[in-house]
Protein chains: 2
Amino acid sequence: MEQIENTKNPIQVADRLFGALEYLSVRPSAGLSEIAAHLRLNKSTAHRVLASLEYLGYVQQDPVEGRYELTLKVLSLSEQILQRMDIRDVVHPYLRRLMEQTGETVHFVRQDGVDAVYLDNVETTRSSVRMISRVGSRIPLYRSGVGKAMMADMPEEELREVWNASAVVRTTPNTITTYPALVKALRTVRETGYALDNEENEIGIRCIASAIRIPGDGHRYAFSISAPVTRMDDDRVQQLSHIILEVKENLDATPIRHLSPASTRSAGNQT
Amino acid sequence: MEQIENTKNPIQVADRLFGALEYLSVRPSAGLSEIAAHLRLNKSTAHRVLASLEYLGYVQQDPVEGRYELTLKVLSLSEQILQRMDIRDVVHPYLRRLMEQTGETVHFVRQDGVDAVYLDNVETTRSSVRMISRVGSRIPLYRSGVGKAMMADMPEEELREVWNASAVVRTTPNTITTYPALVKALRTVRETGYALDNEENEIGIRCIASAIRIPGDGHRYAFSISAPVTRMDDDRVQQLSHIILEVKENLDATPIRHLSPASTRSAGNQT
DNA sequence: TAGACTGTTTCGTATTATGAAACAACCGTC
DNA sequence: GACGGTTGTTTCATAATACGAAACAGTCTA
């Protein structure tokens, strides 16, 4: 029990509270017994936990069925987080122009641990395939263009940590699955200035990405153009890479007003 | 102290945990002492709360500054919630078409308590004013087109409850501030089939909205077209109302596959 | 009607969170 | 260079708090 002892959550209830929250976020609604069983809690405890979440406004109980479901309060939380990310406002017009220039869907991400998290995107208007915005979703760094772009900027030690913490899964024949392969790929990224995801995450999808740096911001950001391979042969990759690099230069040169004091923005809500 | 006694949170720590979370969601980062002061907690307690949130992955501490900030995990939570809302996938193409037909920004919302919460939107490509997506943000029902559209479908008792729970604030000269005025406005909505927000929330913005109903879904939904008054005179309102009503009819007739059993969707992540 | 489910409430107990205080490690000042 | 003023961190005895078995109250099925 000495060293092996997993560092424990200093507040046990927190496990239960967020466990319930996360469980409910995956299904439309759930009954008390079901939640209790899943979290291995006594019904009574589960009930208290749910009552607490309800009190806080994150959970709501169907008065007739008795089932529990999330309210949209957690969405407001996310919205506030996104809203104070000034960098999104700066980057968004570039994304838009990039989409218009290329006709392809573009993404903007930030590193969060071993993943890249989508912060913004502008979807192509040309394709008939609607792809609803997935802001907030994740993709592993080692398996994405944006991820490779950001990793190319990391010092060796940090890279190593990321790799070790990553749960490597081969999702396509092209997926990078060894550290040496990753290092080699990153060398190419550094040479060319952009990262190519050549169907490494999903068959049929290629994408070109580049990292950008924000002075005074500890996080890593990147943006990308994705398209089906049918529209993305090597020639097109060449063309697009020029556009990508141009945008990157512009963004790197753009000063970002960071951490505005009171962070009081014009509300500007619309009906 | 009989009746007056506020129903208390059955789990006190929950207040602290989510208090810290919500506090951090408003500012880019915060120091421990600052958080402790704001939540009126002992530094020691605050530290434990933060450590717990960090353990759960929602909070991260800057190793050099020592300041705390949110990770993007809460965004993933939201994303999962949005992703299982099948109705968004159904409605999105309609929104897109609506925007293309009218050239104006369109919104899609759901009722959550006394507010409408934005679930999706398609912003106009014509205007040069970029308006980054505000999915997750809120607007009071009584002060919005979408809100009035949804309230028009409520039985009197429910309406009364909403009104009483609403914190009425006059944001423009046109804002509805009395219950009789609201009732009267809703009568018009029922007669015409759509709701008009005539600069009732924000000067210079008009919008037309309509509620839709989803069989087997306990929630209320609505969508809207917003535009500056300069592009939205009474004639245009007339025109747009026809389009709105047509979309509403289509949507009301569209069957929504609801609560898919395992809710396992094609992931389809892209780099 | 009996049985098997729901979700809810109670209450004695032991676990758990609490916070004052001491600690360590900075930073700018005098 | 010791100072007071900051950070964030750790300890620990005590009180408060969350716990869960069990009983309860419904609802639906057989």
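Reminder, nothing fancy here: chain letters follow the sequence lines and each chain counts from 1.
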Checklist entry - Regarding N9(A) and S52(B), is there a side-chain donor-to-acceptor distance under 3.5 Å anywhere? => result yes
Next on the checklist: Is it the case that the side chains of E34(B) and Y23(B) hold a donor-acceptor pair, with the cut-off being a distance below 3.5 Å and no angle test?
Outcome noted: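 On atom types as modelled, these side chains qualify, holding a pair under 3.5 Å.
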Checklist entry - Which is the 5'-most and which the 3'-most nucleotide of DNA chain D that has an atom under 4.0 Å from a heavy atom of chain B? => result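 On DNA chain D, the outermost contacted nucleotides are dT7(D) to dA18(D).
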Item to check | Atom CZ of R190(B): over 12 foreign heavy atoms under 6.0 Å | outcome: yes
Item to check | Evaluation steps, side-chain contact (heavy atoms from CB on, under 4.5 Å), between V162(A) and S166(A) | outcome: CA-CA 6 Å; V162(A) 167; S166(A) 294; 4.0 Å; yes
Next on the checklist: Any base atoms under 4.0 Å from Q61(B), or only sugar-phosphate, or nothing? Heavy atoms, all strands.
Outcome noted: sugar-phosphate
Checklist entry - If you look at every strand shown and take non-hydrogen atoms under 4.0 Å, does I11(A) touch a base, only sugar-phosphate, or nothing? => result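 Here I11(A) touches the backbone only, sparing every base.
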Item to check | Comparing R16(A) and A30(A) on DNA chain C - which has the more 5′ nearest nucleotide | outcome: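 Nearest nucleotide further toward 5': that of A30(A).
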Checklist outcome for this item: Assert: residue with more 5' nearest nucleotide on DNA chain C, out of P10(A) and S33(A), is S33(A)
Checklist entry - Under the side-chain contact (heavy atoms from CB on, under 4.5 Å) criterion, do S210(A) and F223(A) qualify, and how do the steps go? => result CA-CA 6 Å; S210(A) 181; F223(A) 65 98; 4.1 Å; yes
Next on the checklist: Once side-chain contact (heavy atoms from CB on, under 4.5 Å) is applied, do any residues pair with A36(B), and if so which ones, sequence neighbours excluded?
Outcome noted: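 If we apply the side-chain contact (heavy atoms from CB on, under 4.5 Å) test to A36(B), skipping adjacent residues, the hits are K43(B), A46(B).
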Next on the checklist: Does anything in residues 147-160 of chain A form a side chain to side chain donor-acceptor pair (under 3.5 Å)? List the pairs, not counting sequence neighbours.
Outcome noted: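 For residues 147-160 of chain A, and leaving out neighbouring residues, the side chain to side chain donor-acceptor pair (under 3.5 Å) pairs sorted by first residue read K148(A)-E200(A), E158(A)-R220(A).
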Checklist entry - Are R84(A) and E79(A) within salt-bridge range, i.e. N to O under 4.0 Å? => result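 The answer is no: the pair does not qualify as a salt bridge.
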Next on the checklist: For DNA chain C, report each stem as range with range, ordered by first number, or say none. Use Watson-Crick or G-U wobble pairs under 3.5 Å, at least 3 in a row.
Outcome noted: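 Stem segments, range with range: C:1-23 with D:8-30, C:25-27 with D:4-6.
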Item to check | Expected output: side-chain Q61(B) to main-chain G66(B) donor-acceptor under 3.5 Å | outcome: yes
Checklist entry - Are the side chain of D120(B) and the backbone of V135(B) linked by a donor-acceptor contact shorter than 3.5 Å? => result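 The answer is no, because no donor-acceptor pair under 3.5 Å joins these two groups.
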Checklist entry - With a cut-off of under 6.0 Å to the ring centre and 45° to the axis, is R16(B) in cation-pi contact with F18(B)? => result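 Negative - R16(B) is either too far from the ring of F18(B) or too far off its axis.
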Checklist entry - So which of residues 42-53 of chain A are in contact with DNA chain D, with a heavy-atom cut-off of under 4.0 Å? => result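 Heavy-atom contacts with DNA chain D come from N42(A), S44(A), T45(A), R48(A).
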Checklist entry - Is the W163(A) ring parallel, tilted or perpendicular to the Y179(A) ring (thresholds 30°, 60°)? => result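 The rings of W163(A) and Y179(A) sit tilted, inter-plane angle from 30° to 60°.
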Next on the checklist: The test is side-chain contact (heavy atoms from CB on, under 4.5 Å); show your working for I87(A) and I214(A) and say whether it passes.
Outcome noted: CA-CA 9 Å; I87(A) 189 176; I214(A) 314 293; 3.2 Å; yes
Item to check | chain B contact limits on DNA chain C, taken 5' to 3' with a cut-off of 4.0 angstrom to heavy atoms | outcome: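 First-to-last contact on DNA chain C, by the 4.0 Å heavy-atom rule, is dA17(C) to dA20(C).
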